[in-house]
Amino acid sequence: RQLLDFPDVKVMNIEPALLQKIADGKEGGRLRVGVTHFVPARIMGSGLGASHTYRGDYDIQMFDKETVREFHLDTLRFGDIVAIIDADHSYGRIYKKGAISVGVVIHSDCVVSGHGPGVTTILTSSKGEIEPYIEANANIGYYLKIGRWREKGKARKSKRKGKE
């Protein structure tokens, strides 16, 4: 659950092979991770205050249209890897200046107060040892070659009998 070169970075909810694909080295002593969006902790809702982050999610509230525009949150997609700024998920989900948490978007928006696109945590650093940077393809589909990133030309088998 911890990376030897980054003692303050906690790892959760991700297999080592995928982690190696999304974390691409060091920058100034911090772990570099490509993300599609930066999300300010001030708009996080449901899931805040949970006692741990090893299951469940944390919702991005999309009700403030100015913030949505500023951070381009209207372009979020399933599987996007995002950085939540000033959020520490070491022992639950809390607001903490300078902390960085990284997660994957797992569900879509919602009209219920406090809810929105859900993010499952994969990395967190209470001291900001993660250096997120914008990478357009920072999506688990891209890294796993699934969904719209699936190799073209591979034949798919039909579910109907006798069809290929």
Side-chain angles (χ1 to χ4, degrees), residues 1 3 6 9-27 30-48 50 53-87 89 93 100-112 114-125 129-164:
R1 290 191 183 140
L3 302 173
F6 305 95
V9 175
K10 291 183 176 29
V11 180
M12 57 200 77
N13 304 316
I14 188 169
E15 68 171 18
L18 183 55
L19 177 59
Q20 286 181 327
K21 291 177 181 182
I22 70 163
D24 67 355
K26 289 184 181 184
E27 183 168 304
R30 299 188 290 182
L31 180 66
R32 283 178 42 90
V33 177
V35 300
T36 60
H37 298 79
F38 292 101
V39 181
R42 72 177 186 262
I43 64 168
M44 298 309 291
S46 179
L48 184 63
T53 55
Y54 293 100
R55 68 170 191 236
D57 66 315
Y58 187 34
D59 288 2
I60 303 169
Q61 298 180 85
M62 303 284 278
F63 300 103
D64 184 58
K65 297 305 176 194
E66 186 177 319
T67 301
V68 169
R69 272 191 304 278
E70 178 183 354
F71 292 92
H72 310 285
L73 300 177
D74 56 336
T75 62
L76 285 169
R77 302 167 297 186
F78 291 121
D80 276 354
I81 298 169
V82 299
I84 304 170
I85 308 305
D86 295 327
H89 297 179
R93 298 178 186 103
I100 304 283
S101 292
V102 175
V104 177
V105 175
I106 62 159
H107 69 71
S108 63
D109 201 0
C110 180
V111 297
V112 176
H115 292 270
V119 178
T120 292
T121 307
I122 58 175
L123 299 167
T124 194
S125 174
E129 285 189 14
I130 299 170
E131 178 67 35
Y133 65 92
I134 296 296
E135 170 59 52
N137 286 329
N139 185 292
I140 60 170
Y142 172 78
Y143 295 114
L144 298 176
K145 303 297 181 218
I146 59 175
R148 68 187 184 121
W149 292 280
R150 180 179 290 125
E151 288 182 33
K152 304 292 186 227
K154 282 195 171 185
R156 285 203 226 165
K157 292 184 180 180
S158 174
K159 291 182 182 180
R160 296 187 335 202
K161 283 186 176 182
K163 301 288 180 186
E164 293 185 45

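Only this structure's heavy atoms are used, side chains among them; waters, hydrogens and symmetry mates stay out.
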Drop me the distance from Ile100's CD1 to Phe38's CZ, to the nearest 0.5 angstrom.
-> 8.0 Å
For side chain to side chain contact (heavy atoms under 4.5 Å, CB included), just list the numbers for Tyr133 and Glu27, CA-CA rounded to whole Å, side-chain angles, deciding distance to a tenth of an Å, and then say yes or no.
-> CA-CA 11 Å; Tyr133 65 92; Glu27 183 168 304; over 6 Å; no
Compute both the distance and the angle, then confirm whether Lys65 meets the cation-pi test with Phe63: under 6.0 Å from the six-membered ring centre, within 45 degrees of the axis.
-> no
Rounded to the nearest 0.5 Å, how far does CG of Leu73 lie from CD1 of Ile60?
-> 6.0 Å
Taking all atoms of both residues into account, what is the closest heavy-atom pair of Ile84 and Met44, and its distance?
-> CD1-CE, 3.8 Å
Val119 vs Asp57, side chain to side chain contact (heavy atoms under 4.5 Å, CB included): CA-CA, chis, key distance, verdict = CA-CA 5 Å; Val119 178; Asp57 66 315; 5.7 Å; no
Can you tell me how far CD of Glu15 sits from NZ of Lys21, rounded to the nearest 0.5 angstrom?
-> 8.0 Å
Atom pair CD1/OG1 of Ile14 and Thr120 - distance to nearest 0.5 Å | 11.5 Å
Report the C-alpha distance between Ile85 and Val39 in whole Å, list the side-chain angles of each, state the deciding distance to 0.1 Å, and finish with yes or no for side chain to side chain contact (heavy atoms under 4.5 Å, CB included).
-> CA-CA 6 Å; Ile85 308 305; Val39 181; over 6 Å; no
Expected output: side-chain Asp80 to main-chain Val82 donor-acceptor under 3.5 Å = no
Do we get Lys26 above Phe6's six-membered ring, with its NZ or CZ under 6.0 Å from the centre and within 45° of the axis?
-> yes
Under 3.5 Å donor-acceptor, Glu131 side chain and Leu31 backbone | no
Counting only N and O atoms by type, is there a donor-acceptor contact under 3.5 Å from the side chain of Asp74 to the main-chain atoms of Arg69?
-> no
Which pair of heavy atoms, one from Arg42 and one from Thr67, lies closest together, and at what distance?
-> NH2-OG1, 3.5 Å
Only one of Leu3, Val33, Ile122 clears side-chain contact (heavy atoms from CB on, under 4.5 Å) with Leu19; which?
-> Leu3
Do any N or O atoms from the side chain of His37 and from the backbone of His72 form a donor-acceptor pair under 3.5 angstrom?
-> yes
Grab the two heavy atoms, one from Gly34 and one from Glu135, that are nearest each other, plus how far apart they are.
-> CA-CB, 3.9 Å
Which atom of Gly45 lies closest to which atom of Gln61, heavy atoms considered = CA-NE2, 3.6 Å
Smallest heavy-atom separation, Tyr143 atom then Leu18 atom, equals CB-CD1, 3.6 Å
Rounding to 0.5 Å, atoms CG (Asn13) and CD1 (Ile106) come to a distance of 9.5 Å
Where Ala87 and Ala41 come nearest, the two heavy atoms and their spacing | CB-CB, 4.1 Å
If you round to the nearest 0.5 Å, how far is OG1 of Thr124 from CD1 of Ile130?
-> 6.0 Å
